[in-house]
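Scroll down for the structure; my scribbles are underneath it.
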Protein chains: 2
Amino acid sequence: MYRVDPNRAYTIAEIAEQTGLSPDTLRYYEKIGLIRPPERGYSGQREYSAIDLGKIVFVTYLRNTRMPLKKIQEYIAAYNEQDEEKCYALLDEHRVSVEAEIAEWTATLELLKYKLEHFQEVKDGRLSKGELQHESE
Amino acid sequence: MYRVDPNRAYTIAEIAEQTGLSPDTLRYYEKIGLIRPPERGYSGQREYSAIDLGKIVFVTYLRNTRMPLKKIQEYIAAYNEQDEEKCYALLDEHRVSVEAEIAEWTATLELLKYKLEHFQEVKDGRLSKGELQHESE
DNA sequence: ATTTGACTTGGAGTTCGCTCCAGCGGATAT
DNA sequence: ATATCCGCTGGAGCGAACTCCAAGTCAAAT
């Protein structure tokens with residue numbers, strides 16, 4: 001996807017550029033233990049390796065699935081312990097919650113569509129479904 | 001739906017009971033101007049009328065559509081100004097955002113399913129799609 | 001030599017929608 | 001009379017995921 005030189009150090013700005021995360025977010029992820037602290041250069045600045053970059057990109061992949069940061073932490077912990085079953089289980093658990101989310105939003109949409117379809121009737125008082133009514137001042 | 005005596009005053013606990021909102025939430029909604037302050041009894045306690053109850057139930061209907069509180073405020077303002085077009089427009093706008101939400105979650109689900117389907121191959125190194133890979137320590 | 005710019009830190013602030021709390025007054029039950 | 005509720009207020013806290021800031025260091029460019 002990107003041209004990555006494995007023998008180079010990357011600044012935080014470069015990592016931000018490559019991953020689409022902001023430098024602040026990168027430091028934040030580091031602070032909460034989501035990504036490993038990179039090496040530091042002479043003057044204390046972060047020097048990310050290509051390996052660091054790879055790991056951060058990986059985190060963004062999980063984030064793309066809207067996995068909560070806490071769950072990503074769990075995933076990474078399982079990954080580091082080479083617990084493939086747990087990794088799979090975490091992904092699958094997450095899938096279940098995503099499906100629940102979709103179900104809820106879909107129900108919401110249906111409700112909204114109902115309100116929209118019956119809007120005129122409700123306004124005219126031809127329908128007394130209640131959902132769009134409340135008494136006037 | 002509920003038996004409501006229009007000539008009675010309701011305590012905050014009764015309103016909470018009827019609407020499923022907590023007393024704290026009712027006071028909060030009042031504080032942010034989402035619901036009109038009810039009358040107060042002798043000792044300063046809130047005395048909601050059946051009309052108040054109706055309006056609060058109406059707010060819960062909008063909240064059931066996951067409409068943000070700010071948008072509900074706008075809706076109520078439009079309603080009070082009898083601006084039906086704006087009311088309709090706000091609902092429709094909200095429908096669009098709900099549809100966007102569903103689209104995003106659906107894309108997320110597809111991505112997750114992809115990861116799950118190819119989990120074994122990625123683990124085995126038979127697939128180099130990248131999305132589930134990151135270099136090891 | 002000086003300005004500009006990138007980076008550092010710890011910590012505060014943001015948004016959303018509540019939820020909880022201390023410290024009070026007043027009502028109800030025994 | 002006392003214990004127990006219910007309700008009141010203003011304000012703090014929460015959780016998620018950032019985002020911003022001041023004050024400092026350091027390096028590069030002019």
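Every chain is numbered from 1 and lettered A, B, ... according to where its sequence line falls, protein lines coming before strand lines.
- Straight-line distance from the OH atom of B:Tyr42 to the P atom of C:dG26: 7 Å, rounded to whole Å.
- Across C:dA27, C:dG11, C:dT8, the shortest atom-to-atom separation from the side chain of B:Ser43 is found for C:dA27.
- A 6.0 Å sphere centred on CD of A:Glu14 holds more than 12 heavy atoms belonging to other residues, nucleotides or ligands.
- Expressed to the nearest 0.5 Å, how far CG of B:Leu111 lies from OG1 of A:Thr65 amounts to 6.5 Å.
- Atom CG of B:Asp24 is separated from atom OH of B:Tyr29 by 12.0 Å, given to the nearest 0.5 angstrom.
- A residue-by-residue look at A:Ala13 and A:Lys31 shows that A:Ala13 has its nearest nucleotide of DNA chain C further toward the 5' end.
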- Verdict with reasoning, A:Arg66 to A:Glu101, per salt bridge (charged side-chain N to carboxylate O under 4.0 Å, His left out): CA-CA 11 Å; A:Arg66 296 186 173 199; A:Glu101 199 69 43; over 6 Å; no
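- Proximity of residues 63-73 of chain B to DNA chain C (heavy atom under 4.0 angstrom from any strand atom) is restricted to B:Arg63, B:Pro68, B:Leu69, B:Lys70.
- C:dC7 atom C1' lies 13 Å from atom CD of A:Glu14, rounded to whole Å.
- One can place CD of B:Gln45 at 7 Å from P of C:dA27, the figure rounded to the nearest angstrom.
- Heavy atoms of B:Ile32 sit nowhere under 4.0 angstrom from any nucleic acid atom.
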- Query: Does the salt bridge (charged side-chain N to carboxylate O under 4.0 Å, His left out) test come out yes or no for B:Glu117 and A:Arg95, once each step is laid out?
  - Reply: CA-CA 12 Å; B:Glu117 273 166 31; A:Arg95 177 188 57 76; over 6 Å; no
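- We find the CG-CD1 distance between B:Leu34 and B:Ile76 to be 5.0 Å, quoted to the nearest 0.5 Å.
- Rounded to whole angstrom, the span from the CD1 atom of B:Ile35 across to the P atom of C:dC18 amounts to 12 Å.
- Heavy-atom contacts of chain A under 4.0 Å fall on DNA chain D between two terminal nucleotides, which in 5' to 3' order are D:dA16 to D:dA27.
- Dashed line: the shortest gap from a side-chain N or O of A:Arg27 to OP1 or OP2 of C:dT9 is not under 4.0 Å.
- Atom CG in A:Asp24 sits roughly 12 Å away from atom P in C:dC7 (whole-Å rounding).
- If you take OH of A:Tyr10 and P of C:dC7, they are 15 Å apart, rounded to a whole angstrom.
- OP1 or OP2 of C:dC18 lies within a sub-4.0 Å distance of a side-chain N or O belonging to B:Tyr29.
- The side chain of A:Arg40 approaches C:dT9 more closely than any other nucleotide in the set C:dC7, C:dC18, C:dT9.
- Distance CG (B:Leu62) to P (C:dG17): 13 Å, rounded to an integer number of Å.
- Note that CD of A:Glu17 and OG1 of A:Thr11 are 9.5 Å apart. Values are rounded to the nearest 0.5 Å.
- Checked for salt-bridge contact, B:Glu81 and B:Lys86 miss the test: no charged N lies under 4.0 Å from a carboxylate O.
- Going from atom OH of B:Tyr75 over to atom CG of B:Asn80 covers 11.0 Å, rounded to the nearest 0.5 Å.
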